[in-house]
Protein chains: 2
Amino acid sequence: MEKNKSLEAFFTEGYKRFRDGISIDCAIFGFHKEKLHVLLSKNIIITRWALPGGFVLKEENLEQAAKRITTERTGMDELFFRQFKTFGEPNRNIQKDLFDYNKFAEIAGFDVPQNTWMTQQSISIGYYAVSNLSESQPQIDIFNSECKWFPIDEIPSLGFDHEEILSEALHTLKIHLYHYPIGQTLLPDKFTLKEIKNLYEILSGKHLHASNFPNKLIGLGLIEKTEEKRNIGAHRAPTFYKFNQEVYEQMLKEGFVLV
Amino acid sequence: MEKNKSLEAFFTEGYKRFRDGISIDCAIFGFHKEKLHVLLSKNIIITRWALPGGFVLKEENLEQAAKRITTERTGMDELFFRQFKTFGEPNRNIQKDLFDYNKFAEIAGFDVPQNTWMTQQSISIGYYAVSNLSESQPQIDIFNSECKWFPIDEIPSLGFDHEEILSEALHTLKIHLYHYPIGQTLLPDKFTLKEIKNLYEILSGKHLHASNFPNKLIGLGLIEKTEEKRNIGAHRAPTFYKFNQEVYEQMLKEGFVLV
DNA sequence: TTATCATTTCCTAATTTTTAACAAATAATC
DNA sequence: GATTATTTGTTAAAAATTAGGAAATGATAA
């Protein structure tokens, strides 16, 4: 196997480009077939699935890094993004048994360098994103051999402290649901009342009324009717609705309380 | 002026004890004379007031560090603590004009060492705490020449990005107000209905009804009557109330939605 | 062309919650 | 024992929420 130069350079030269001791992990949520999904990736060197993550370039701020990492992995940008927590247990990322050194050597053509900047202790800053899953194109690269969506109730065992990170992301998402108009980036531009009701039911875990709940959103001015309808075969065609951009931005800026 | 050995050791040897590139800043809130206050301290080397902060010991986790820093500065522990955001703009802490090198040399007896671990770029993890101000005893030390409470509407100009950090802390506190029983550590063990109403009015910025709001908290089981009353002179003595510990802990764990 | 059907969406009454004003209770002082 | 200022309970009106059923709809089949 030929030596993979770019991979080797990442280990040995990466400290020049990236900030030391900091990583970013992203819980990227999507909504499909009435289920919440989360994007996981499989690093070639790590034996378990994990949240997509990466490092922060020296000239970047944290949010830019999170957005870059998410775009690299999904092809999408302009998502709803929020930082939710930073994880810093001592040695949280140093778990030797999670690394598959043999497989790495086989793929990369050289042994994992020991004691480089990458293998030092680092803290991880967690961001969550909500995306329209159907528009995403999960990407692999030299570090990630697999990348795909998992329904939230079928998450495999995750590496490092990523189960805790995902759980905190969900917790924050559920709180933010009451204060930010999260739906916009989880749904297509045009959606039916049933779809937005389903979305909120799944995120909140509560049963909502088929017309009372949409009426509340309409009453707030957050969503509004369009001219178009969806053809669903031999039934009444539901009207498409869209977010009112002005109200959406105001709620995003000022926050609101949804009950 | 004699050379201050412990101060010098902090600069030159600190990298052995503390994690690199990470600092903690704490927005410590208290409630006094119907106003929300925040604790600020004045570092001997920095020309502006700032939020109390510090570094993370290598064997510590982030929350332990935040608690240690808060206890050092206030003498209090067992406060309500939450991490709210991490700040990582490139070079956010490198602002030469904020450092008073002459004053430092005068006090310490040596020049500020350049290019030590302390003067490197670092990210800051923000924690907020809510405390019962009247029980606090703001402490100074070799780094901090002053430390005191400021009413939230009389905050002086702050160093670094601490105005942004404080503003984010307040924003998070106001959201958490709806989901966590924050009052417990802001109030004395026993308080009157008027006091808890005032607290929520100030934090939420909304006017609340003198009996309807307390009745809601009583209805939730969160607070309950005690046998004692406060003597306030020639008026009806208000009854002291206390938090129901069981309900409090459950709400803390499971969250709730206050409307 | 019309009847049928499943689904969306509107309507309305019942219920619950919130709000606001007022009255009662209270404890120290006059 | 009356007075006073404040706390706290009561109650009725207003508002919001909930739930169920009815109407509307668009495609299909008769």
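Owing to the predicted nature of the structure, the values given are computational and were not obtained by experimental measurement.
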For [X] and [N], give me the distance from atom [atom1] to atom [atom2], rounded to whole Å.
X        : N      : atom1 : atom2 : answer
A:Arg230 : C:dT9  : CZ    : C1'   : 16 Å
B:Asn212 : D:dA13 : CG    : P     : 16 Å
B:Lys216 : C:dT16 : NZ    : C1'   : 12 Å
A:Lys197 : C:dC10 : NZ    : P     : 15 Å
A:Ile223 : C:dT9  : CD1   : C1'   : 13 Å
A:Leu217 : D:dT17 : CG    : P     : 12 Å

So does A:Lys229 get a side-chain nitrogen or oxygen closer than 4.0 Å to the phosphate oxygens (OP1/OP2) of D:dG26?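 Answer yes for this pair, as a side-chain N or O of A:Lys229 is under 4.0 Å from OP1 or OP2.
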Pick out the pairs of N or O atoms, protein on one side and nucleotides 6-9 of chain D on the other, that lie under 3.5 Å.
| from | atom 1 | to | atom 2 | distance (Å) |
| --- | --- | --- | --- | --- |
| D:dT7 | OP2 | B:Lys194 | NZ | 3.4 |
| D:dT7 | O2 | B:Arg236 | NH1 | 2.1 |
| D:dT8 | OP1 | B:Thr239 | N | 2.7 |
| D:dT8 | OP1 | B:Thr239 | OG1 | 3.4 |
| D:dT8 | O4' | B:Arg236 | NH1 | 3.3 |
| D:dT8 | O4' | B:Arg236 | NH2 | 3.2 |
| D:dG9 | OP1 | B:Lys225 | NZ | 3.4 |
| D:dG9 | O6 | B:Ser211 | OG | 3.3 |

Is any side-chain N of the basic residue among A:Glu201 and A:Lys206 closer than 4.0 Å to the acidic one's carboxylate O?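 Between A:Lys206 and A:Glu201 there is no salt bridge, as every charged N stays at least 4.0 Å from the carboxylate O atoms.
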Does B:Leu158 reach the side chain of B:Arg48, with side-chain heavy atoms less than 4.5 Å apart?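 They are not in side-chain contact.
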B:His162 vs B:Phe160 aromatic rings, parallel, tilted or perpendicular, using cut-offs 30° and 60°?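 Answer is tilted, since the angle falls between 30° and 60°.
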Name the orientation class of the two ring planes belonging to B:Phe150 and B:Trp49 (parallel below 30°, tilted from 30 to 60°, perpendicular beyond 60°).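 The arrangement is perpendicular - the two ring planes meet at more than 60°.
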Please, which pairs that meet salt bridge (Lys or Arg N to Asp or Glu O under 4.0 Å) have at least one residue in residues 171-187 of chain B, sequence neighbours excluded?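 Non-adjacent pairs meeting salt bridge (Lys or Arg N to Asp or Glu O under 4.0 Å): zero.
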Partners meeting side chain to side chain contact (heavy atoms under 4.5 Å, CB included) with A:Asp153 (sequence neighbours left out):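 Partners of A:Asp153 under the side chain to side chain contact (heavy atoms under 4.5 Å, CB included) test: A:Lys35, A:Pro151.
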Please evaluate the base of C:dA27 for a donor-acceptor partner in the side chain of B:Asn231 within a cut-off of under 3.5 Å?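 Side chain to base: no pair present.
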